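Here is the structure we will look at.
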Number of protein chains: 2
Amino acid sequence: MPVELSPSQALGLWHAVSLEQVRVDKRDLTLRQISILLQIYLVPPPHTVRGLAGILGVTKPVITRALDTMGDLGLVTRVRDERDKRNVIIRRTVDGALYLEKLGDLIIDQGRKLPI
Amino acid sequence: MPVELSPSQALGLWHAVSLEQVRVDKRDLTLRQISILLQIYLVPPPHTVRGLAGILGVTKPVITRALDTMGDLGLVTRVRDERDKRNVIIRRTVDGALYLEKLGDLIIDQGRKLPI
DNA sequence: AAAAATCGAAACGCTTACGTAACGATCGAA
DNA sequence: TTCGATCGTTACGTAAGCGTTTCGATTTTT
C-alpha cells in the first residue's frame, strides 16, 4: 500500500517535520546520523560499523564518530561481539527508541496537517 | 487532503529518503540547514536572518553560519535590502531549487515504494 | 606456528559548527 | 542632530565533523 504524494506535499511534509524537529529538539543531528539511527532501529540486527559504512556509502571512521556522538546523547550503545571479538555490535537504547517514536509521531501529525 | 501514515510508514519513509539522500549527495546538511533551505524555497519572500532565527528558534549567528555554508554550496544567495540597508534578503538559486527538486522526487519515489 | 586479512578505533591536520558577546552600519525618534 | 534601537556579522574559545592513515586486537589462512 504505497503512499502517493504530490511534489508540493512531499516537500511540504519534509519542511514541516524538519522545522518542528529543530524547534522541539536541541540536538541537531546530521542526515548521516539520522540515517544511521533509523537503520539501526528499523532493520533487524546485528549492526556493525563496517556494515553501516557499506550501507551508507561512507568510511568507517564516519560511523565510529557518529556512534561516539550518538552514544554520548544516549541514542545508541556499543557492545563487543563475543563470537568474533573484532566486531562491535551496535545496540538500541530506550532513549533512542523514544527519539524515533517522537519523530514518527511528528511525521504522522504533519502529514495529517498537509493542505491540498 | 491530508496524508495518512502508519507509524511504520512514517519512519520507513524517513529512513528510505535519508539513506538514499546520504548515498546520492556528498553534502551532509544538518536538519537546521535543511529547514532553512525549505523555509526559503517554500514560503513566500522576503526572508531575513532575524526572521529565520525566530522561526527556527535559534540565534542569529546560527543562521548567518548556515547561510555562509549553503552560500558556498551555491544553494542560497544574500542581497542587501535597499529599502532598509540593515536587512539582508536571502534569495533562492538555481542550484538550490534543483537540490530541493531532487529531494522532492526522492520523497515521492520512496513513498511509492513503501510496503504494507 | 607464522603470516595475512579483517575489525573498529585512534591519530593527524583541517574545516565547520556552537553559544555568548561585542561590533559597525543603519534607521527612527526625541 | 544626537541618541537609542535594530540589523547582520565578526570574534572568541570550544566542540564536533571530515578524509586519510596508522594502530592494536583478533581471526583466518597457509
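Numbers restart at 1 for each chain; the letters A, B, ... are given by sequence-line order, proteins then strands. Because the structure is predicted, anything quoted here is derived from the model rather than measured.
When rounded to the nearest whole Å, the span between CD1 of A/I63 and C1' of C/dC7 equals 14 Å. In this structure, A/N87 places its CG atom 18 Å from P of C/dA5, rounding to the nearest Å. A/L67 places its CG atom 14 Å from the C1' atom of C/dC7, with the value rounded to the nearest Å. Residue B/D72 contributes atom CG, which lies 11 Å from atom C1' of C/dT16 at whole-angstrom precision. With rounding to whole Å, A/I36 atom CD1 is found 14 Å from C/dG8 atom C1'.
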List the steps, then state whether side chain to side chain contact (heavy atoms under 4.5 Å, CB included) holds for A/W14 with B/V17.
-> CA-CA 10 Å; A/W14 220 258; B/V17 172; 3.4 Å; yes
Checking side chain to side chain contact (heavy atoms under 4.5 Å, CB included) for the pair B/R23/A/L56: CA distance, chi angles, key distance, verdict?
-> CA-CA 6 Å; B/R23 271 203 275 241; A/L56 294 227; 5.7 Å; no
In sequence, state the C-alpha distance, the side-chain angles, and the governing distance for B/V3 and A/Q9, and then conclude on side chain to side chain contact (heavy atoms under 4.5 Å, CB included).
-> CA-CA 8 Å; B/V3 176; A/Q9 280 180 327; 3.8 Å; yes
Between N or O atoms, less than 3.5 Å apart, protein on one side and nucleotides 23-28 of chain C on the other: list the pairs.
| residue | atom | partner | partner atom | Å |
| --- | --- | --- | --- | --- |
| C/dC27 | OP1 | B/K85 | N | 3.0 |

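An OP1 or OP2 oxygen of C/dT16 is reached within less than 4.0 angstrom by no side-chain nitrogen or oxygen of B/Q33. Phosphate contact (OP1/OP2 of C/dT16, side-chain N/O of B/T69, threshold under 4.0 Å): absent.
For the pair B/R80 and A/V58, nearest-nucleotide mapping onto DNA chain D gives the more 5' position to B/R80. Across the interface with DNA chain D, nearest-nucleotide mapping of A/P61 and B/D68 shows B/D68 to be the residue nearer the 5′ end.
A/Q39 and B/H15 are linked by a side-chain donor-acceptor pair at a separation below 3.5 angstrom, with hydrogens and angles left out of the test. For the residue pair B/T30/A/D28, the side-chain donor-acceptor check at 3.5 Å is satisfied.
Between B/R112 and B/D109, at least one side-chain N (NZ, or NE/NH1/NH2) sits under 4.0 Å from a carboxylate O, which counts as a salt bridge. Using a cutoff of 4.0 Å between basic side-chain nitrogens and carboxylate oxygens, B/R83 and B/D81 are not scored as salt-bridged.
Summarising the local packing, CZ of B/R27 is surrounded by more than 12 heavy atoms from other residues, nucleotides or ligands at distances under 6.0 Å.
Contact footprint of chain A on DNA chain D: nucleotides with an atom under 4.0 Å from a non-hydrogen protein atom, first to last in 5' to 3' order, D/dA16 to D/dT27.
Residue contacts shown for B/T48 are limited to sugar-phosphate atoms, with no base heavy atom under 4.0 Å away. Residue contacts shown for B/R50 are limited to sugar-phosphate atoms, with no base heavy atom under 4.0 Å away.
Residue B/I89 is not grouped with residue B/I36 when hydrophobic side chains (ILVMFWY) are merged at heavy-atom distances under 4.5 angstrom, including chains of intermediate members.
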